[in-house]
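Shown next, in structure tokens, is the structure this report addresses.
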Amino acid sequence: MQAKVILKRPESLTDKEFTYCPGCLHGVAHRLVAEVLDELNLRRKTIMVAPVGCSVFAYEFFNVDGTVAPHGRATAVATGIKRAMGPEKTVFTYQGDGDLAAIGTAETIHTANRGEKVTTIFINNAIYGMTGGQMAPTTLEGMKTTTSPYGRNVDDAGYPIHVCELLQNLKGVAYLERVSLLDPRGIVNAKKALKKAFTAQEKGLGYSLVEMISTCPTNWGLSPVESLKWAKDKMLPEFPLGVFVDRVGDVK
Amino acid sequence: MAKKAFIEIDSERCKGCGLCIQACPQKIIEFSAEFNTKGYHPATPNDPNEKCPGCGFCYNNCPDTCIKVYRMVNE
Amino acid sequence: MAEKTMMKGTEAMGEAAIRCGARLYFGYPITPQSELPEYMSRRLPQVDGNFLQAESEVAAVNMIYGAACTGTRVFTSTSSPGFSLMMEGVSYIAGAELPAVFINVVRGGPGLGDIQPAQSDYFQATKGGGHGDYHLIVLSPSTLQEAVEHIELAFDLSDKYRTPALILADGMLGQMMEPVELPEFKDLESLPKHDSWSLTGMGNREKHIVTSFDINADVLEQMNIRFQKTYREIERNETRCEEFMMDDAQYAVVAYGTMGRIMKTVVKMARDEGIKLGLIRPITVWPFPYDTISDAAEKVEFMMTVEMSVGQMWEDVRLAVGKKIPTPFYGRTGGVVPTPVEIFEALKKQMEVK
């Protein structure tokens, strides 16, 4: 009998240790994206665009050509890259809820509307992590953050934005799904969604986005394990999981 | 019953988040009593009865790619 | 064959860019340069290029950033309020050492302003409108022919020094029509390759990262020091200035762009009346020809700056001249274009001041 490695760090990740907080699911999301890049053999033709946020260093962690965009503009930068390079290259953006749904709202909507053949990984943890826990567009009603210390008041600040619901009627969108990283089954499903999203790009079908319900133990003031439970109890009812647009069909 | 699988955890890379421990269905991962150089108690496998089936739940939940999963195979 | 034709300024610059090998344009309509994106939308598909009207100037500058990351020739155009929106992107492009060409067809400001020509964006262009220690190479054409030549120069300098370049035009230049000789179409294969750093997908090489970011302050300082070395090199090699009838000049005027062209008429008017007037016309306003102006200050009685603003380049003239001679100013702003006659009157009044 011999020991055979069946699971280890994917090739599309560098060896650099992640700078994320203990238990932050960015690391899981990164690994899933990297596994998909490996399995679809995309690594050597991929260019990534990191956001401004906790994952501002993402280009250090992925073993692909990469850059970082001004806050909110990653999909515009991706548009420039993809249109310069053409369909042979794979371009993805990786963005948080502030980057994608606050300052980047216009770019998000228009990149999706134009059906740019790029893929967005959208990490939704209902808070601004890097800057210390301020309210995000996806912060829940009543949720306390450093800029909503009395709890988000929807009469004043509006309701949490549902990005998938917002984008689903744009004809340029080829694949759109909301997934969770909160348990093993969610993680397995999230990887399937990423595979379909990148396949949408490879087949030139249009824009693809996977929204990943994630946690922020540090700014939620919870342990990593407690954060998973809180997210399941509070975020999943607000942000229902599911496929919103699928023009890809079956993918192995 | 022969050993089916086992895991290795990079204790220096581990941040002691505990997600692998709560994910493991066999409950064969625990926090080490030792500290790593970052100051965390890293996760460590404790599987005296060789219960690990190589399910990969720990690997899937680990946010820092600390874990390698091995299966025993006939070569 | 170089082609001579009658064209509008905005369109001439667009056509020149295509002939210089640009096959990508991302921009947004704004008066007085909307004809440029319109022209590009017609021409680029004809040369297998890619045109996109972005959702805003903010989006446009970021698309420029993305395309520039791949080492591909790319440019955009806008007018003053639009260029303000692009400032963050410009800073990022400079900080990431990316080649890219910008055209600002300046209009009256500040704020919404109006749509007539102005030169009130000089500070924004040369002292940095975006944040951080950076400079744009800034070219200021005074005729459409010069604008066409500056497009080629902007692309070449931008590629050579890996830093963005700006054509500081104005509404007059953008909207006027005059004969221009367009350059030959460049062979795309002859364009500079940026294989050592560009993002094109790894293929068989190690990965490249393009960024303007380093969390380590000492490293960021070293990056800035390196940029400054490049800027000093650009100052040494690329400063351009025209001296018009300065050889025997008793008085001098300093003006750039459209104002430089108008001042040539004023110089001729003065000479017709026996006044020995000369013009110094900076062609690069960054790097600024401080030495030329400082040397000229040794020979003339006063040096009058004339701008379509309340006096922005005037500060650089005063910096160059110091206290050697008087440095008066004449200008109109808010989109008003001064006439040669009114400038000549102001000049003669200045001559009476002793």
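Each chain gets a letter, A, B and so on, in the order the sequences are listed, and its residues count up from 1. A quick note: this is a predicted structure, and the numbers were derived from the prediction, not measured.
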Does C:M63 form a side-chain contact (heavy atoms from CB on, under 4.5 Å) with A:T111? I'd like the steps, not just the answer.
CA-CA 11 Å; C:M63 294 173 189; A:T111 306; 5.9 Å; no
CG on C:L199 to CE on A:M48, rounded to 0.5 Å:
10.5 Å
Can you tell me if NZ on C:K193 sees more than 12 non-hydrogen neighbours from other groups inside 6.0 Å?
yes
Which atom of C:E55 lies closest to which atom of A:A106, heavy atoms considered
OE2-O, 3.7 Å
Heavy-atom distance under 4.5 Å between the side chains of C:T200 and A:K45, does that happen here?
no
If you draw a 6.0 Å radius around CG in C:L191, do more than 12 non-hydrogen atoms from other residues or ligands fall strictly inside?
yes
More than 12 non-hydrogen atoms from neighbouring residues, nucleotides or ligands closer than 6.0 Å to NZ on A:K171, yes or no?
no
Under 4.5 Å from a heavy atom of chain A, the part of C:L24 involved
side chain
Straight-line distance of C:M202 CE to A:I47 CD1, nearest 0.5 Å
11.5 Å
Min side-chain heavy-atom separation C:S56-A:H110 under 4.5 Å
no
Which atom of C:A59 lies closest to which atom of A:A76, heavy atoms considered
O-CB, 3.7 Å
Once salt bridge (Lys or Arg N to Asp or Glu O under 4.0 Å) is applied, what residue pairs with a partner in residues 67-95 of chain C remain, sequence neighbours excluded?
C:R73-C:D156, C:R73-C:D159
By residue number, those in residues 49-73 of chain A with heavy atoms under 4.5 Å from heavy atoms of chain C are A:V52, A:V56, A:F57, A:Y59, A:E60, A:F62, A:N63, A:V64, A:D65, A:G66, A:T67, A:V68, A:A69, A:P70, A:H71, A:R73
In terms of heavy-atom proximity below 4.5 Å to chain A, should C:F213 be classed as side chain, backbone, both, or neither?
both
Most heavy-atom pairs under 4.5 Å with chain A, out of C:I209, C:N62, C:V210, C:N204, belong to C:N62
Pick one of side chain, backbone, both or neither for C:R23, based on which atoms fall under 4.5 Å of a heavy atom in chain A.
neither
Heavy-atom pairs under 4.5 Å with chain A, option from C:I215, C:T211, C:T72 with the top count:
C:T211
Over 12 non-hydrogen atoms of neighbours within 6.0 angstrom of CD1 in C:I225
yes
Members of residues 83-92 of chain A whose heavy atoms come closer than 4.5 Å to chain C:
A:R83, A:A84, A:M85, A:K89
Counting neighbours of CD on C:E189 that are heavy atoms of other residues, nucleotides or ligands and sit closer than 6.0 Å, is the number greater than 12?
no
Listed by chain and number, what are the salt bridge (Lys or Arg N to Asp or Glu O under 4.0 Å) partners of C:R107, not counting sequence neighbours?
none
Has C:D48 got more than 12 heavy atoms of other residues, nucleotides or ligands less than 6.0 Å from its CG?
no
